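Report on the structure given below.
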Amino acid sequence: MELRGSRDDGRGPVLHIVVVGFHHKKGCQVEFSYPPLMPDEGHDSNLLPEEWKYLPFLALPDGAHNYQEDTVFFHLPPLSADMKCVYGVSCYRQIEAKALKVRQADVTRETVQKSVCVLSRVPLYGLLQAKLQLITHAYFEEKDFSQISILKELYEHMNSSLRGSALEGSQVYLGLSPRDLILHFRHKVLILFKLILLEKKVLFYVSPVSRLVGALMTVLSLFPGMMEHGLVDSSHYRPKSSVSEDLSLVDSVSGVEEFVSVSAIDIANSNLELEADETAQPATESPSSGNNTEGDNQLLKPPSRTSPESSESDWETLDPSVLEEGGAKEAAEGKEAAPEQLSDAFDSKPGTPITVQPQAAIGQGGVTQGLLSGLEEDQYGLPLAIFTKGYLCLPYMALQQHHLLSDVTVRGFVAGATNILFRQQRHLSDAIVEVEEALIQIQDPELRKILSLTTADLRFADYLVKHVTENRDDVFLDGTGWEGGDEWIRAQFTLYLHSLLSSVLQQDNERLLADYGSSFIAAWKITHSFRVWFSNKHPAMTAVTPGSVQNSERGKKIGNAMITTSRSVVQTGKAVGTEAQLTLKNQNQIMHIWKHLLKDLHNLQESEAPDVKP
């Protein structure tokens, strides 16, 4: 897919370059924009479109003074009906005021804090960040912030260099490392994956912001097509009518009679951990759709009782002995997994590789406009329409956006925050992901049960962890192939999702679906994205074998084919140039070769596939 930055008014993929500073009296404010954010204003105007009123607080994050520099990814809502999500990348730095060559009159503090931002039509976060960091460094090295010519040159350069580029391949995932994610979260990465499939309210929490947005966006990069085409409707929210309302968080949920108003101050001062009401409606009974306000009410009401004990349950550690009661259950039969089964889940046998083939990581046969989702989809109907109809993706949320957590028009979210207030108000989220400790805190016991990993899930997750931890060195340069690498990990999740979707299409599929958990399947089938996907036909799904590819002769053959194919790709990369130094053109040449090699792998799968009709 080519970038469509030339549509609309003829502008390129980059909409604006913006400088946000901290004023000792006015707080965060826009100091410069090119082109001007308001058409009738000058470059130095502080005025903003109402829809982008939170821009200064997103670009200059809360607690930024604690760091010399930081990077923020954020999303802004569209300004018109024909626009989509606006992707923001901000590079923050601070400098001592005495180091400035030209010190303006409004500089009254010892340090000067500013962010340089790019507002873009395209989700090339890492690529934009790499360019922006260089320019931000040069801008600060001038020690004269009135020198704005470099910012105008950045705008022109980015639009000329990005216009006509392909929105696919490695540049979309630049800076996002699934390897690091698995090394940190290990088996719990699969829980995060399934949690987002259920379209729950998921809050990531850690500082600094660069680590926060990196973890959140890396999880999303595991969903095939999501980064490229699945976020265009992820920021459709309405700002509050006044800033004073935003800053007053005492009544965090106000104006709706059905909801209980909770004092943020009371919660902040409380040492009690909140638990979900055990009598609350189970998650499987609440269809996840934009019109289901009754279901939203259940999620937005604060819990009715508190517990003096920590909510960080043993379940979050994913210890096999704990999972024996829940996560290692065979969902279809409700039987407890035997100890030897749990041992098998974490100890891969050398002779029986547990593997999946990366048939759709590359070369999905192009994308077309989805009839129901409105997204550009591949032949498998991916990306899933998760971030649509009021389900938001906000990589970083400013404190001023806190009201969105309880907004009745927001049916769910995957959001990131650094302010402790977000974490303390646990009742506003279904799950809080503590990135630093690699913990997933879920209050609702029913949801914890739904997300308990099955034996098959554990084997899949263990296979990922095993390959990542055993290939800590550079797997792309040591001649051993790509197993354990970033693209390999994404390929595993691609087939996991393909197999899950294919299994749902089969008749008499109880045994197949048991590998994913029957309670999880029941909850997933009532989500908005599944209903959209299931309502349409997707030609490529007929070639996908249902069920997990594990402990079978076909699994062994595919595993061997993957190793042979990946080694060929790596050797080709070496012939062109060191993988770490490949140009985009050379990478595309390798991808072209990879497509043809995958055809052979695909033929192998078809020849071994059982004769079933979807």
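Numbering starts at 1 and runs along the sequence shown. Please read these numbers as outputs of a predicted model, since none were measured by experiment.
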Side chain His184, main chain Val435, donor-acceptor under 3.5 Å: yes

Polar side-chain atom of Glu156 near backbone of Glu153 as donor-acceptor pair, under 3.5 Å: no

Side-chain donor/acceptor of Trp533 to backbone N/O of Tyr380, under 3.5 Å: yes

Asp70 side chain vs Ser210 backbone, donor-acceptor pair below 3.5 Å: yes

Test item: Ser115 side-chain N/O and Ala59 main-chain N/O as donor-acceptor pair under 3.5 Å: yes

CD-CD distance between Glu69 and Gln94, expressed to the nearest 0.5 angstrom: 10.0 Å

Polar side-chain atom of Lys114 near backbone of Val19 as donor-acceptor pair, under 3.5 Å: no

Nearest-0.5 Å distance, CE of residue Met217 to CG of residue Leu212: 11.0 Å

Nearest non-hydrogen partners of Arg411 and Ile386, listed with the distance: NH2-O, 3.2 Å

Listed partners of Pro36 passing side chain to side chain contact (heavy atoms under 4.5 Å, CB included), at least two apart: Ser33, His43

Separation of Met83 CE from Leu15 CG (nearest 0.5 Å): 5.5 Å

Side-chain (Glu31) to main-chain (Asn46) donor-acceptor, under 3.5 angstrom: no

Pair Tyr173-Glu228, side-chain donor/acceptor within less than 3.5 Å: yes

Closest approach of Pro77 to Val86 (non-hydrogen atoms, all atoms of both residues): O-CG2, 4.4 Å

Backbone of Trp488 reached by a side-chain donor or acceptor of Gln492 within 3.5 Å: yes

Parallel, tilted or perpendicular: ring planes of His403 versus Tyr54, cut at 30 and 60 degrees: tilted

Tyr396 and Phe73 aromatic centres sub-6.0 Å: no

Shortest non-hydrogen separation from Gly485 to Arg179 and the atoms involved: CA-CD, 3.7 Å

Nearest non-hydrogen partners of Ile196 and Tyr391, listed with the distance: O-OH, 4.4 Å

Parallel, tilted or perpendicular: rings of His75 and Tyr87 (30°, 60°): perpendicular

Any donor-acceptor N/O pair, Ser429 side chain to Ile432 backbone, under 3.5 Å: no

Nearest-0.5 Å distance that lies between atom CG in Leu132 and atom OG in Ser120: 11.5 Å

Heavy-atom closest contact (Glu199 atom, Ala385 atom, distance): OE2-O, 4.4 Å

Check: His157 and Ile135 side chains under 4.5 Å, non-hydrogen atoms: no

Aromatic ring pairing Phe32/Tyr34, orientation class (parallel under 30°, perpendicular over 60°, tilted between): parallel

Close side-chain approach of Leu497 to Leu197, heavy-atom, < 4.5 Å: yes

Plane angle bin for Phe193 and Phe223 - parallel if under 30°, tilted between 30 and 60°, otherwise perpendicular: parallel

Spatial distance of atom OG1 (Thr494) from atom CD (Glu487) [nearest 0.5 Å]: 9.0 Å

Phe145 ring center within less than 6.0 Å of Phe140 ring center: yes

Expected output: side-chain Asn419 to main-chain Ala398 donor-acceptor under 3.5 Å: no

Nearest non-hydrogen partners of Lys84 and Val232, listed with the distance: CB-O, 3.5 Å

